[in-house]
Number of protein chains: 4
Amino acid sequence: MSPRNVDRDMQHRDQKISDILDSAVYTIAGKGIGATSMKDIAQAAGISIGNLYHYFKSKEELLDVLLKRSQQNYGELVRELERLDEPPLAKLARLTRDWLTVEENWALTMIRQNVRTSHLISHQIRRDVTDRFTDNLAPIASIMAEGQKRGEIKDGDPTQLAFYLVSLIQGLTLQKAPGYEVPVAVEAQSIVNLFVK
Amino acid sequence: MSPRNVDRDMQHRDQKISDILDSAVYTIAGKGIGATSMKDIAQAAGISIGNLYHYFKSKEELLDVLLKRSQQNYGELVRELERLDEPPLAKLARLTRDWLTVEENWALTMIRQNVRTSHLISHQIRRDVTDRFTDNLAPIASIMAEGQKRGEIKDGDPTQLAFYLVSLIQGLTLQKAPGYEVPVAVEAQSIVNLFVK
Amino acid sequence: MSPRNVDRDMQHRDQKISDILDSAVYTIAGKGIGATSMKDIAQAAGISIGNLYHYFKSKEELLDVLLKRSQQNYGELVRELERLDEPPLAKLARLTRDWLTVEENWALTMIRQNVRTSHLISHQIRRDVTDRFTDNLAPIASIMAEGQKRGEIKDGDPTQLAFYLVSLIQGLTLQKAPGYEVPVAVEAQSIVNLFVK
Amino acid sequence: MSPRNVDRDMQHRDQKISDILDSAVYTIAGKGIGATSMKDIAQAAGISIGNLYHYFKSKEELLDVLLKRSQQNYGELVRELERLDEPPLAKLARLTRDWLTVEENWALTMIRQNVRTSHLISHQIRRDVTDRFTDNLAPIASIMAEGQKRGEIKDGDPTQLAFYLVSLIQGLTLQKAPGYEVPVAVEAQSIVNLFVK
DNA sequence: TATGAATGAGGGTTCATTCAT
DNA sequence: GATGAATGAACCCTCATTCAT
């Protein structure tokens with residue numbers, strides 16, 4: 001009843017939401033949005049289906065929050081990267097390597113890709129996802145520009161180059177869906193090399 | 001025995017199958033495999049649901065045939081391209097431009113991508129899709145190798161470069177899902193330019 | 001056009017109907033009426049489904065004809081048995097042995113049993129089946145009566161005894177459904193022995 | 001954690017399952033397994049189809065549970081009968097009379113018979129049904145053996161005699177399917193009399 | 001908060017039957 | 001007679017969501 005209790009309750013709630021999303025990410029990434037039921041998500045989180053609806057008022061809202069959180073995390077990461085005291089090409093190599101290595105990025109890409117075609121998802125949410133995606137392009141474009149200034153990176157619109165890099169990484173990421181591995185090696189260095197002058 | 005022309009019947013059947021698939025491609029690409037019901041497909045083809053099952057014994061088989069057909073068509077195209085009497089970079093530019101322009105390629109990519117995560121699709125079919133995809137990489141790798149011999153294309157494993165090009169194109173293609181357009185220009189020339197030495 | 005041709009056509013038709021039923025009996029007996037589709041029956045007979053409907057105007061009619069034929073054949077058999085120049089107990093033993101051995105009897109029993117509970121079958125047909133069954137009881141009752149006159153068979157209403165014998169044989173027959181074999185030996189002699197004074 | 005009484009919930013669930021099965025028995029017995037839809041069963045139980053699947057994950061499981069329960073109940077009954085302080089022939093007469101009188105036995109027999117030929121039913125379940133059936137034969141065989149020791153029952157393998165008695169009763173029971181009544185009287189006394197020396 | 005029973009629309013699939021060729 | 005395309009109702013089952021406890 002005291003403010004402190006209310007605060008603690010809110011924190012507890014946020015923590016629970018976070019836990020649910022953590023366990024949901026891999027389930028959804030692995031099975032696809034359409035094939036993942038709310039029961040699946042509840043079971044993965046170890047709670048009842050009724051309780052799940054206490055934290056998310058619908059499947060759509062759950063996805064919305066999940067995507068927002070993931071993209072914001074990624075956005076912070078990429079903005080930190082921009083500020084690092086490293087040569088631009090090293091930054092791009094690091095970004096690429098992380099993306100291809102960190103499993104959560106794979107899951108996020110799978111889900112984002114899924115969102116595009118799922119009719120469970122409202123137009124509004126799809127727009128939001130796209131907007132955040134576009135925002136997150138800026139720091140990479142900035143790195144590209146810096147590389148161009150140094151004469152290390154190919155000419156062209158930096159945003160376009162950033163878009164190409166991210167699309168390439170995501171295209172490659174999607175090839176790593178279970179049961180779909182194309183037998184061709186992928187390395188961060190050779191990818192970044194495409195952008196080298 | 002039969003008062004009907006068996007040959008003509010077979011042709012008629014093949015034609016009908018082809019028509020159904022033609023109308024199904026865009027429906028599935030637009031809504032996703034999971035969200036596209038057999039009723040949707042039947043309606044798009046202008047036939048009854050029962051009759052649809054006369055031509056495909058399951059949704060899975062329909063997808064299998066659709067993917068096989070699409071990938072074979074694409075394979076022939078890319079093999080013809082390889083044999084063209086043109087410089088390698090021109091071939092790559094033509095390939096990229098076609099891919100980004102021809103709407104059917106967009107649809108095919110969307111569906112292929114969907115197949116990877118859909119649990120409606122058996123492992124076997126996913127393997128087949130991947131195998132055909134890998135096969136279709138060879139002619140492009142061959143073009144890359146030719147370009148390297150001429151000193152026009154960057155060094156590296158030609159198959160890997162082909163894989164990168166195709167993944168990039170597909171990554172960009174996926175961005176073109178309805179309601180998901182990222183506001184960044186995409187041109188074949190600047191894409192191919194990444195592979196230029 | 002000549003009467004002879006019409007006759008020959010009719011004979012041909014009857015022969016065809018007989019062939020279809022012959023191949024249908026085991027299919028229906030094995031899978032059950034409900035699980036056997038008209039397509040199954042057509043395939044078993046090696047004809048098209050459309051053609052099947054030229055010979056039987058519905059699944060129900062096919063079953064009606066099949067049952068009528070089977071029960072009439074059985075009726076003739078049992079009436080011949082009655083007229084044989086053998087002791088009554090030998091007749092009963094022969095009847096029992098034949099029933100348990102001849103595979104067609106098994107099939108007939110399975111189908112008759114199925115008819116009782118299948119809602120595909122009209123009340124009228126079920127009544128007909130029962131009536132023919134009751135008629136076919138008479139010769140056996142007559143054998144029972146003769147055995148009683150000789151003091152070899154237990155007392156009681158001969159029709160009731162016949163009903164018991166047939167019900168017992170059928171009860172045992174049903175145990176022989178594939179995948180349902182009860183591991184207890186069954187012999188004609190010990191069955192008939194139940195009715196011996 | 002749970003604000004509900006877990007024990008009471010389990011009891012409630014078991015009770016509900018029992019209620020559903022009770023109402024399902026006669027529906028299935030009357031129409032046959034194939035012709036009885038899950039909708040029929042749900043309606044008979046006064047619940048929604050979705051809720052029915054909350055208690056049984058498939059039609060097959062429902063049948064499995066139903067059969068298991070019925071055969072276990074019958075098994076207990078027959079084992080109690082064996083322990084009664086009565087002459088063997090009286091026990092057999094009581095068993096026969098009960099079987100022919102208690103309506104639930106009729107229903108059970110109809111369903112068991114149906115299971116044999118229904119392709120909806122897995123081989124495993126059919127085996128289980130047969131095994132339980134065979135187990136339930138033992139107490140009756142034991143009664144037969146006791147009667148033989150007293151010189152009241154015919155010679156022969158007691159298990160075989162038990163099998164004959166049960167098959168006869170079941171054969172007669174099946175004749176009582178609605179719309180299939182054979183116009184011959186059936187009495188427990190005259191049935192048991194077949195087994196008297 | 002926490003649970004799981006309850007609902008019903010919708011999805012994939014089957015099948016008896018009809019009909020044009 | 002012979003064929004198989006065509007139809008649509010019905011079946012089994014799933015699932016997002018609500019609600020009483």
Side-chain angles (χ1 to χ4, degrees), chain A residues 9 12-13 16 34-42 46-62 120, chain B residues 1-6 8-10 12-13 16 34-42 46-62 120, chain C residues 9 12-13 16 34-42 46-62 120, chain D residues 1-6 8-10 12-13 16 34-42 46-62 120:
Chain A
D9 282 2
H12 184 254
R13 184 184 170 84
K16 193 93 189 186
T36 304
S37 66
M38 288 298 263
K39 198 180 171 190
D40 290 336
I41 295 172
I47 62 174
S48 74
I49 193 169
N51 201 15
L52 180 57
Y53 274 88
H54 274 288
Y55 294 102
F56 304 96
K57 77 172 200 286
S58 69
K59 191 177 182 179
E60 170 147 346
E61 193 198 79
L62 187 150
L120 293 168
Chain B
M1 278 292 189
S2 168
R4 293 231 291 263
N5 184 322
V6 175
R8 191 157 44 77
D9 279 7
M10 287 295 260
H12 185 258
R13 186 182 171 86
K16 192 91 191 190
T36 304
S37 68
M38 287 300 263
K39 198 179 170 189
D40 290 336
I41 295 173
I47 61 176
S48 75
I49 202 171
N51 200 19
L52 179 57
Y53 275 90
H54 201 70
Y55 292 101
F56 304 97
K57 76 174 195 290
S58 67
K59 191 177 181 179
E60 169 149 349
E61 194 198 82
L62 187 150
L120 295 168
Chain C
D9 282 2
H12 184 255
R13 184 182 169 85
K16 193 94 190 186
T36 304
S37 66
M38 287 298 264
K39 199 179 170 190
D40 291 335
I41 295 172
I47 62 174
S48 74
I49 193 169
N51 201 16
L52 180 57
Y53 274 87
H54 273 288
Y55 294 101
F56 303 97
K57 76 172 199 288
S58 70
K59 192 178 182 178
E60 170 148 346
E61 193 198 80
L62 187 150
L120 293 167
Chain D
M1 277 295 187
S2 168
R4 293 229 292 262
N5 183 321
V6 175
R8 192 156 44 76
D9 280 8
M10 287 296 261
H12 186 257
R13 187 183 170 86
K16 192 91 190 189
T36 304
S37 69
M38 287 300 263
K39 199 179 170 190
D40 290 336
I41 295 172
I47 62 175
S48 73
I49 203 169
N51 200 20
L52 178 57
Y53 276 91
H54 201 70
Y55 292 101
F56 304 96
K57 74 174 198 290
S58 67
K59 190 178 181 178
E60 171 149 348
E61 194 197 80
L62 187 150
L120 294 168

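To find a chain, count down the sequence lines: A is the first, B the second, and so on, and within it residues start at 1.
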Strand DNA chain F as a dot-bracket string - pairs counted if Watson-Crick or G-U with both distances under 3.5 Å, | where the partner lies in another strand: .||||||||||||||||||||
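Counting only residues at least two apart or on different chains, the salt bridge (charged side-chain N to carboxylate O under 4.0 Å, His left out) pairs with a member in residues 46-58 of chain C are C:Lys57-C:Glu61.
With sequence neighbours excluded, the residues forming a side chain to side chain contact (heavy atoms under 4.5 Å, CB included) with D:Tyr53 are D:Met38, D:Ile49, listed by chain and number. For the salt bridge (charged side-chain N to carboxylate O under 4.0 Å, His left out) test, no residue two or more places apart in sequence or in another chain qualifies with D:Glu60. Listed by chain and number, the residues in a side chain to side chain contact (heavy atoms under 4.5 Å, CB included) with B:Thr36 are B:Thr27, B:Ile28, B:Lys31, B:Asp40, B:Ile41 (sequence neighbours excluded).
Looking only at side-chain heavy atoms (C-beta outward), C:His54 and C:Ile47 stay at 4.5 Å or farther from each other.
Put simply, CG on D:Asn51 and NZ on D:Lys16 are 6.5 Å apart, with the number rounded to the nearest 0.5 Å.
When rounded to the nearest whole Å, the span between CZ of B:Arg13 and P of F:dG4 equals 10 Å. The nearest whole Å value for the distance from the CD atom in B:Glu61 to the C1' atom in E:dT13 is 13 Å. Rounded to whole Å, the distance from CG on B:Leu52 to P on E:dG11 is 14 Å. Whole-Å rounding puts the C:Ile41 CD1 to E:dA16 C1' distance at 11 Å.
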B/S/- contact track for nucleotides 9-16 of chain F, protein heavy atom under 4.0 Å: B-SSBB-S
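Comparing E:dA2, F:dT7, F:dG1 by their nearest atom to the side chain of C:His54 picks out F:dG1.
Nucleic acid contact class of A:Tyr55 (heavy atoms, under 4.0 Å, all strands): sugar-phosphate only.
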